[in-house]
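Written below as structure tokens is the structure these notes are about.
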Amino acid sequence: MTWLGLEGARALVLGAGGLGAACARGMAESGARPLVVDVDAEKLSLLQKETAGVEVLCGDLSSAAGSEQAASKGGLPGRREEMTTLVPAGRLGVPQDVVGAVLFLLPAHAAFLTGQVLHIDGGRTLV
Ligand SMILES: NC(=O)c1ccc[n+]([C@@H]2O[C@H](COP(=O)([O-])OP(=O)(O)OC[C@H]3O[C@@H](n4cnc5c(N)ncnc54)[C@H](O)[C@@H]3O)[C@@H](O)[C@H]2O)c1
């Protein structure tokens, strides 16, 4: 048994970038079966070539279809619905939600606003 104790475990890794690839490598080396999801097919292909035991899925995690497919293939079917019930706004966030906050902060009329933490989470952290 490895020190992580992950032998045979299924892991869903979101993103094949710096952190995702490192996590997937560590998990595979510890005997887990990571499924790495990313929109970038080239990145996934490279990771799969370099690391034995890593499974990949090319998909957009910001879309309902992409995240449901990832959860399902990663052994977590229904996870999207489960997560949605935790958000008072009744839906998961999308990239446009973050864009809205960035546009709010950009103009000169926000120039005197400092040191705030914006929770862009549909109220998730309030409950
Ligand atoms: N690297 C760090 O030290 C660090 C520290 C703290 C937090 N973070 C955060 O952790 C996250 C990952 O960091 P990273 O360094 O691995 O970033 P990265 O940019 O190397 O990797 C992110 C990956 O996500 C993929 N991606 C983007 N949108 C996607 C989508 N809609 N569906 C599927 N895949 C998508 C990209 O193709 C990319 O491969 C980032 O949000 C980063 O801000 C990173």
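First listed ligand is number 1; within each ligand, the first listed atom is number 1.
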Is_contact([atom]), protein non-hydrogen, under 4.0 Å:
atom                    : value
atom 42 (C) of ligand 1 : no
atom 13 (O) of ligand 1 : yes
atom 4 (C) of ligand 1  : yes
atom 31 (N) of ligand 1 : yes

Where the side chain of Q116 meets the backbone of T114, is there a donor-acceptor pair that is under 3.5 Å apart?
yes
Close N or O approach (D60, ligand 1; < 3.5 Å)
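In this structure, D60 places an N or O atom under 3.5 Å from an N or O of ligand 1.
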So for ligand 1, is L61 a polar contact partner (N or O within less than 3.5 Å, distance only)?
yes
How many angstroms lie between atom CE of M27 and atom CG of L12, to the nearest 0.5 angstrom?
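Going from the CE atom of M27 to the CG atom of L12 covers 9.0 Å.
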From the options R79, K73, R80, select the one residue that forms a side-chain contact (heavy atoms from CB on, under 4.5 Å) with E68.
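For E68, the side-chain contact (heavy atoms from CB on, under 4.5 Å) test succeeds with only one of R79, K73, R80, which is R80.
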Can you list the ligand 1 atoms lying under 4.0 Å from a non-hydrogen atom of K43?
38 (C), 39 (O)
Show the atoms of ligand 1 that are less than 4.0 angstrom away from any heavy atom in S62.
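Those of ligand 1 that fall under 4.0 Å from S62 are 31 (N).
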Closer than 4.0 angstrom: is that true for some heavy atom of G59 and an atom of ligand 1?
yes
If I compare all heavy atoms of [X] with all of [Y], which pair ends up nearest, and what's the gap?
X   : Y   : result
T84 : L92 : OG1-CG, 3.5 Å
A28 : T51 : CB-CG2, 4.2 Å
G15 : L61 : N-CD1, 4.4 Å
L44 : A16 : CD2-CB, 3.8 Å

Would you check if D97 and V94 make a side-chain contact, meaning some heavy-atom pair closer than 4.5 Å?
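Side chain of D97 against side chain of V94, heavy atoms only: contact under 4.5 Å found.
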Below 4.5 Å, heavy atoms only, C-beta onward: do D38 and L47 meet side chain to side chain?
no
Please state which protein non-hydrogen atom is closest to [atom] and give its distance, to 0.1 Å?
atom                    : result
atom 21 (O) of ligand 1 : G17 CA, 3.2 Å
atom 10 (O) of ligand 1 : L19 CD1, 3.4 Å
atom 20 (O) of ligand 1 : G18 N, 3.0 Å
atom 25 (C) of ligand 1 : D38 OD2, 3.2 Å

My understanding is that we take every heavy atom of each candidate and find the minimum distance to atom 27 (C) of ligand 1. Doing that for L14, D40, V39, L47, which one comes out nearest?
V39
